[in-house]
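Model, not experiment: these values are computed from the prediction. Computed over heavy atoms, backbone and side chain alike; hydrogens, waters and symmetry mates excluded.
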Amino acid sequence: MQRIGVFVCHCGTNIAATVDVKAVAEALGHEAGVVISQDYQYMCSESGQDLVKNAIKEHNLTGVVVCSCSPRMHENTFRKAAASAGLNPYLVEIANIREQCSWIHKDIASATDKAIVLGKAAVAKVHLNAPLTAGESPVVKRALVIGGGIAGIQTALDIAEAGFEVDIVEKEPTIGGKMAQIDKTFPTLDCAACILTPKMVEAAQNEKITIHSFSEVADVKGFVGNFTVTIKKKARFVDETKCTGCGLCTEKCPMKKVPNEFNMGLDNRTAVYIPFAQAVPKVATIDPNYCLMLKNGKCGVCSKVCTAGAIDYKQTDKMIEQKYGAIVVATGFNPIKPDKYDEFAYSYCPDVVTSLELERLMNAAGPNGGTLLRPSDKTHPHTIVFVQCVGSRCDDEKGKPYCSKICCMYTAKHAMLIREKYPDTEVYVFYIDVRTPGKNFDEFYRRAVEQYNVHYIKGMVGKVTPKADGKIDVQASDLLANEQLHINADMVVLATAIEPDKTARPLATMLTTQMDTNDFFTEAHPKLRPVESATAGIFLSGACQGPKDIPETVAQASAAAAKAIGLLCKNSITCNPCVAHSDELMCNGCSACEKVCPYGAITYQDKEFRMPDRSTAIRRVASVNPAVCQGCGACTVACPSGAMDLNGFSNSQIMAEVDAICK
Amino acid sequence: MQVNENFEPVIVAFCCNWCSYAGADLSGTNRLNYPSNVKIIRVPCSCRVNPMFILRAFQKGADGVILCGCHPGDCHYTSGNYFTRRRITLLYSMLDFLGIERNRTRLEWVSAAEGAKFAAVMNQFVEDVKKLGPNRRLEDLRCRKQ
Amino acid sequence: MLKISAAKLNDLFDAISAKQTLYIPVDREPNAAEFKKYESGMKLSASLNTIRSAKDFFFPQTENLADFKMNGKNIEVKDIREESEDFVIFGVRACDARSFGILDKVFLSEPVDSFYKNRRDHGTVVTMACTRPSETCFCTTFGIDPTVPEGDCAVFFDGENYFFLDRTEKGTKFVESISDMLEEGDASKLAEVQENARNIMKKLPLANLSTDSFGGDKLNELFDSDKWADLSEACIGCGTCTFVCPTCQCYDIRDFNTGREIKRFRCWDSCMYSDFTKMAHGNPRTSQLERFRQRFMHKLVYFPANNDGEFGCVGCGRCLSKCPISMNIVKVMKALEVK
Amino acid sequence: MQEAMIKRAKELLADGTVNRVMGWKRGEFSYDITPAVFETAEELDAEFVCDDLTQANVSKYLIKESRKEGKILALLKPCDTYSFNQLVKEHRIIRENVYVIGIPGGPKIDIEKIKAKEISGILSVKNEDYTLKIETIYGTETMPYYEAISGKCENCKSKKHVVFDELIGEDGDVLESNRFEMVEKLENMTAQERYDFWRDQLSKCIRCNACRNVCPACTCENCVFDNPKSGIDNKAAADSFEENMFHIIRAFHVAGRCTDCGECSRVCPQNIPLHLLNRKFIKDINSLYGEYQAGADTTSRAPLNDYSTDDCEPSIVHERGVE
């Protein structure tokens with residue numbers, strides 16, 4: 001038999017002014033199972049809590065109902081009070097008679113009636129409450145960072161700094177990501193390589209950091225604190241441990257006509273290559289699509305010249321398995337290819353380039369050694385047109401609906417650098433709006449306009465037409481002057497939209513994290529939990545979550561690291577006990593619950609059961625991992641047999657509340 | 001339709017803990033008025049509400065049932081309310097198909113900041129149900145209050 | 001014999017229903033007749049039988065037994081029984097009429113079921129002789145003559161007139177109550193109609209079905225038969241056979257909480273259901289084979305064992321036409337028959 | 001066709017591919033056909049039947065049968081393959097243990113449709129060039145074949161077998177059907193008319209559970225209506241509310257999973273058009289969330305276990321049709 005105590009709070013006059021608290025206590029005292037029903041001035045006060053504690057001890061209570069303010073306010077207070085008196089904290093229910101009763105109703109009679117009904121519902125519910133104990137789950141003290149761009153590097157460095165082992169998985173042969181390809185950075189115009197490469201080296205040298213370059217995540221199992229990840233180390237046909245990065249092989253390789261990805265295909269590399277001089281790890285990689293030895297079995301030059309004996313044509317992909325407590329996603333972004341935009345002539349005019357291609361053209365380590373020349377005829381361009389929002393803020397299917405955020409600033413940077421270095425060059429920028437919210441950003445943009453005389457024109461470029469004389473006709477509208485323009489340009493630079501890396505979606509599936517329709521990872525809360533994914537133990541760093549510039553990326557990377565460190569610091573995680581659980585005897589194993597679980601908390605196993613007819617049967621049944629389940633209850637409704645139920649908000653508890661309210 | 005002035009409908013409101021229940025609290029904090037007919041049941045997420053609960057409420061004497069959750073896209077559990085939206089759309093459509101009055105059921109998205117909206121929604125809903133009169137088409141006669 | 005012409009039948013119904021509630025079978029849709037409370041103008045169904053049997057009148061599917069109310073720590077029990085009003089069921093077939101006798105044996109033996117008895121006492125059963133049996137009919141197997149049905153009063157139709165034969169005291173009272181509408185008539189054509197029907201009965205596909213292999217003394221061999229596995233294999237465990245059956249009489253007692261009181265009611269149960277006779281310790285019959293066997297053993301062995309050899313089946317054929325998978329008592333009897 | 005099935009089944013039994021055959025067994029009359037498992041060639045020769053009157057969808061039996069020792073041969077009509085596939089998708093049938101032969105579908109004949117023509121004492125039914133010749137105790141009757149077509153075949157959605165290991169006869173196509181006609185008709189009634197219609201229909205319910213127990217989507221280990229712990233269990237509708245409750249919840253539980261096989265309405269002893277409830281859900285799902293056919297594949301996400309961020313709001317119910 002239940003022994004329930006009811007405690008009605010006056011909250012000074014907050015409740016007592018409109019609710020007849022004595023009448024509420026009196027009425028609830030007659031409810032089945034209620035052995036004591038009291039009212040008090042301030043139930044949350046020290047002495048109010050003592051009242052509850054003493055009653056629990058004195059009357060040996062099995063459940064407590066507090067009629068007071070919102071449970072969002074003091075549920076924890078009373079749970080703690082109950083626990084200190086020896087009652088399981090989850091045997092406490094709150095009837096919200098302040099925010100949802102006394103404060104909204106003026107008429108004492110009806111407010112009192114409602115308070116009684118709310119109290120009865122809480123009593124009906126507490127009858128069915130079960131003591132719950134928060135479980136614990138151990139934490140593996142190692143983190144995985146997926147992606148080795150500036151975001152991944154920063155996150156890894158911060159985590160390592162805190163003293164935890166951290167692995168970086170990078171799909172390219174070197175870490176560094178997009179930032180390594182960038183020439184200068186806004187708004188300070190300092191050299192990207194100068195600030196990035198020391199960090200890359202730091203990561204490589206840090207004892208706590210292991211870099212798996214040329215590797216991909218193949219499988220993720222487990223849950224917060226206890227992920228098991230399979231990493232595929234792709235065959236690079238070079239023994240990383242032996243290669244010294246001397247580069248002799250790359251010099252001697254006879255296959256010299258491979259488009260160089262690092263320079264955006266603007267020049268060529270060899271079949272065995274090191275992406276760039278400061279690559280980390282500085283290890284050669286053989287491209288099997290071009291290597292004559294791997295393709296035809298004839299050549300072997302690199303193997304002959306390598307004094308370290310590092311070349312290994314027989315190398316295969318290798319799978320390694322590792323356990324992690326936390327995973328940080330830092331898969332970054334890519335600019336879209338503007339080849340769908342026929343009006344910009346990108347696919348057939350070599351002098352129409354994207355901004356990232358321009359970065360390489362201007363970079364000292366780029367194809368032209370830092371001199372800006374037209375790709376077509378290697379002449380100096382005198383008129384350059386920049387087109388903003390190519391594929392960003394787009395309604396059609398060719399582009400992206402969002403603003404890519406970084407283009408306005410890097411275009412201002414490009415324009416300024418060109419005007420600085422080549423004052424004889426006219427620079428036009430066509431824009432929808434110029435967006436410069438950021439520290440020193442607007443000043444930077446204004447410098448481009450005011451000091452460097454860059455022609456900013458609000459308007460759209462309608463058509464880019466290469467002409468027979470090698471010039472490019474740019475037809476555009478000037479919205480402010482309300483006129484059509486034709487600019488006789490030498491080069492056109494497209495500020496293409498950026499999009500998440502293609503590997504992000506399959507990765508999200510493996511991680512059971514969520515993505516928006518643009519394939520950016522979804523944060524757990526857009527305001528309050530911006531670096532966590534909704535899946536516990538998975539954190540988001542950098543542009544995989546949304547377009548970001550470098551300082552924002554680094555800030556978020558450190559924030560994600562802080563969250564991961566917070567998790568790794570713990571020896572075990574306390575789990576919310578209000579989680580779903582499946583009644584195995586009732587479960588059909590149909591997988592409906594698994595499909596709606598946003599956390600991937602539900603798995604299935606084949607188990608042997610003794611059936612009602614005394615036979616034994618192997619049945620597929622669901623089981624919920626309480627460390628992963630967050631207690632939303634989506635599965636409980638997806639389950640047709642009612643096998644899935646939720647602790648603290650069970651079917652029977654909610655129906656008891658419904659019954660109590662309706663009667 | 002004639003409004004029976006003496007008819008006091010029983011209204012059950014299921015509110016998700018993170019948005020709508022907080023929104024309801026906020027309308028209290030702001031001392032915004034809505035009828036005492038509305039009784040709130042707290043659920044972790046709108047997706048916890050089983051159609052069985054809604055039917056059960058009508059069986060036991062409710063005249064209207066309203067379900068409130070976070071705005072789509074704002075779910076604390078990221079996707080719960082999207083499932084809710086499909087389930088409840090289909091359920092309400094089925095109730096409509098069976099000839100149950102449309103205005104007895106409602107789904108509203110109320111955020112934790114929308115105290116005023118919560119009160120407005122409840123005022124409107126109670127008024128709509130009052131216009132319909134007591135639930136007769138989906139009642140259990142055994143539970144009817146004499 | 002007293003008679004009324006077919007043309008005046010509805011006048012008669014009007015007259016009966018003016019005094020007491022009258023139920024007649026009407027066509028809800030083609031080939032789907034049901035007993036309905038007579039309202040002026042309703043047409044008597046020409047169907048051979050109703051989908052649901054006539055047992056509902058005495059043993060309804062659900063029935064409130066008592067109310068409980070909690071008052072503080074006291075429980076108040078309210079006896080909600082009311083005296084039934086008098087009613088007439090017109091057009092009951094011979095099979096259903098016999099089923100009442102079977103139900104009586106269950107409900108009217110000590111301890112008497114007062115709910116059942118109350119209805120039985122106030123109901124007058126007016127039966128209707130069969131003239132056009134169906135291929136699913138096998139009432140003759142159980143010694144029923146469908147051309148001369150039992151009941152309080154039997155009615156015979158010769159194509160033009162309805163003839164009335166009172167068979168019990170209640171029946172006599174019924175005929176007296178309508179005597180002013182009846183006239184003495186020539187029943188000579190009736191014998192011909194009856195003879196014709198009896199001849200058809202003999203030619204029915206199930207006419208030779210025999211009960212020789214069944215009865216209370218055949219318990220062990222039938223219970224242990226290896227045929228049950230095959231017979232029950234396709235059974236989906238629904239309650240259709242049970243609920244359309246005129247003789248199935250099992251029920252469950254349940255409580256319903258209205259919020260203010262507890263209503264204790266009984267409702268039909270089916271031995272085909274997995275929770276049938278489930279007790280605190282569990283369920284005595286855990287497989288569908290056992291449940292399936294229970295139903296037929298009850299009708300063909302246990303019931304005759306306890307009731308002077310009377311079988312718990314009247315051969316109405318409802319389960320033959322309604323079972324979703326077409327498994328039925330005839331197939332069971334034929335399979336278990338000792339040839 | 002029946003002979004071809006028996007022949008092939010015997011071959012598969014003989015070569016050890018399967019050790020059992022899931023089919024149908026003839027009964028006392030021409031129409032009382034029972035699903036059955038055959039283990040020997042002799043049994044097949046003696047009792048196997050698959051003709052114009054063979055309607056039962058046997059896919060649900062395969063849940064249990066596929067968990068027994070050895071492989072079973074299942075003969076599946078096009079509509080049955082959808083149910084079968086859906087059950088495979090829900091991990092209820094173990095696909096590897098079933099050898100599926102796709103057999104031609106209907107239109108099948110429903111004996112109830114013949115009886116509704118006041119033809120009684122039926123001894124045999126023969127299809128002679130789309131005229132049914134019905135021998136009865138009272139003489140020979142004839143009626144057009146199409147007037148006796150089973151309700152479940154009236155709006156056939158597909159002649160295509162969505163899963164099979166081999167076929168007897170030819171595979172067909174997914175058909176354009178007007179199966180939502182009656183749903184639309186109801187939608188266009190007033191709420192009062194709809195209410196009256198369904199009250200009239202559902203009040204006939206005797207809660208025999210035939211619809212549920214025959215339904216290939218209702219495969220719960222323990223139905224909520226049988227489980228005292230569910231809080232909504234009941235054995236008989238003690239009030240009209242419970243008639244509604246049972247059918248609403250049942251339709252909801254199979255929404256997005258129901259393949260529209262029509263068995264529920266076929267077996268209802270009271271002729272309640274239960275399939276209309278399921279079709280209402282199917283129609284809504286198709287129109288609101290995109291065309292979806294349960295059982296068409298084993299990988300797609302069921303519409304109720306899925307969502308789109310731009311799904312319509314429930315208020316769409318207020319914007320459509322008539323109140």
Query raised in the report: Which bit of C:R132 is near chain D, if near means a heavy-atom gap under 4.5 Å: side chain, backbone, both or neither?
Result: both
Report task. Apply ring pair (Phe, Tyr, Trp, His ring centres under 6.0 Å) to C:F59 and C:Y116, showing your working. Result -> CA-CA 6 Å; C:F59 177 44; C:Y116 178 86; 7.4 Å; no
Query raised in the report: Within a radius of less than 6.0 Å around CD of C:E192, do more than 12 heavy atoms belonging to other residues, nucleotides or ligands occur?
Result: no
Query raised in the report: With chain C, which of D:E263, D:K204, D:K117 has the greatest number of heavy-atom pairs at distances under 4.5 Å?
Result: D:K204
Requested in this report: Name the region of C:E29, side chain, backbone, both or neither, that has any atom closer than 4.5 Å to a heavy atom of chain D.
Outcome: side chain
Report summary line: Note: vs chain C, highest number of non-hydrogen pairs under 4.5 angstrom among D:K25, D:R212, D:K115 is D:K115
Query - Residues C:N31, D:E112; criterion side-chain hydrogen bond (donor to acceptor under 3.5 Å, both in side chains); working and verdict - result: CA-CA 8 Å; C:N31 192 37; D:E112 296 289 322; 3.1 Å; yes
Query - Short N-O contact, C:E337 and C:K334, less than 4.0 angstrom - result: no
Query - Winner by heavy-atom pair count (cut-off under 4.5 Å) against chain D, out of C:D269, C:L320, C:V330, C:L204 - result: C:D269
Query raised in the report: Quick check: are there more than 12 heavy atoms from other residues, nucleotides or ligands sitting under 6.0 Å from CD of D:E118?
Result: no
Report task. May I ask you to list the residues in residues 273-288 of chain C that approach chain D closer than 4.5 angstrom, counting heavy atoms only, ordered by number? Result -> C:Y273, C:D275
Query raised in the report: Pick from D:N271, D:V214, D:D226: which one has the most heavy-atom pairs with chain C under 4.5 Å?
Result: D:N271
Requested in this report: Pick whichever of C:C137, C:P133, C:S321 has the most heavy-atom pairs under 4.5 Å with chain D.
Outcome: C:P133
Report task. Would you name the heavy atoms of D:S150 and D:Q55 that are closest together and state the gap between them? Result -> OG-OE1, 2.6 Å
Query raised in the report: Should the pair C:R119 and C:F58 be classed as cation-pi, given the thresholds of under 6.0 Å to the six-membered ring centre and 45° from the axis?
Result: no
Query raised in the report: Relative to chain C, which segment of D:I33 carries a heavy atom at a distance below 4.5 Å: side chain, backbone, both, or neither?
Result: backbone
Report task. Under 4.5 Å, counting heavy-atom pairs only, tell me which of D:A236, D:C268, D:C211, D:A237 racks up the most with chain C. Result -> D:A236
Query raised in the report: So which heavy atom on D:K113 is nearest to which on D:G151, and how close?
Result: NZ-N, 3.9 Å
Query raised in the report: D:Y138 versus chain C, heavy atoms under 4.5 Å apart: side chain, backbone, both or neither?
Result: side chain
Query raised in the report: Of the non-hydrogen atoms in D:V254 and D:C215, which two are nearest, and what is the gap between them?
Result: CG1-SG, 4.3 Å
Query raised in the report: Taking C:K263, C:E34, C:R52 one by one, which has the highest count of heavy-atom pairs under 4.5 Å against chain D?
Result: C:R52
Query raised in the report: Can you tell me if CD on D:E147 sees more than 12 non-hydrogen neighbours from other groups inside 6.0 Å?
Result: yes
Query raised in the report: What part of D:E43 is in contact with chain C, defined as an atom under 4.5 angstrom from a non-hydrogen atom: side chain, backbone, both or neither?
Result: neither
Requested in this report: Sort C:T62 into side chain, backbone, both or neither according to what part of it lies under 4.5 angstrom from a heavy atom of chain D.
Outcome: side chain
Requested in this report: Output the option from C:M327, C:K331, C:M272, C:K203 having the highest count of non-hydrogen pairs under 4.5 Å with chain D.
Outcome: C:K331
Requested in this report: Please state whether the side chain, the backbone, both or neither of C:L48 comes within less than 4.5 Å of a heavy atom of chain D.
Outcome: neither
**Report entry** Toward chain D, the part of C:T136 with a non-hydrogen atom under 4.5 Å
**Finding:** both
Query raised in the report: Do the ring planes of C:W228 and C:F292 sit parallel (below 30°), tilted (30 to 60°) or perpendicular (above 60°)?
Result: perpendicular
Query - Region of D:V37 in contact with chain C, defined by heavy-atom distances below 4.5 Å - result: both
Query - Heavy-atom proximity to chain C below 4.5 Å, by part of D:A238 - result: both
**Report entry** Residue part contacting chain C, namely of D:L123, when any heavy atom lies under 4.5 Å
**Finding:** side chain
Query raised in the report: Checking D:R207 against D:F246: charged group under 6.0 Å from the ring centre and within 45 degrees of the axis?
Result: yes
Query - Side-chain H-bond candidate by donor/acceptor type, D:N97 with D:R67, under 3.5 Å - result: no
Query raised in the report: Heavy-atom distance under 4.5 Å to chain D: side chain of C:S270, backbone, both or neither?
Result: neither
Query raised in the report: Using non-hydrogen atoms only, which part of C:I325 is less than 4.5 Å away from chain D: side chain, backbone, both, or neither?
Result: both
Report summary line: chain C shares the most heavy-atom pairs under 4.5 Å, among D:I122, D:N209, D:V267, with D:I122
Query raised in the report: So does D:K60 pair up with D:E65, basic N to acidic O under 4.0 Å?
Result: no
Report task. Identify the two heavy atoms, one from C:C139 and one from C:M201, that lie closest to each other, and give their separation to 0.1 Å. Result -> SG-CE, 3.9 Å
Query raised in the report: How far apart are the C-alpha atoms of D:E135 and D:K126, what are their side-chain angles, what is the distance that settles it, and do they pass the salt bridge (Lys or Arg N to Asp or Glu O under 4.0 Å) test?
Result: CA-CA 8 Å; D:E135 297 294 342; D:K126 278 209 184 67; over 6 Å; no
Report summary line: The interface call for D:D233 against chain C, heavy-atom contacts under 4.5 Å, is both
Query - Ion pair D:K77/D:D80, N-O distance below 4.0 Å - result: yes
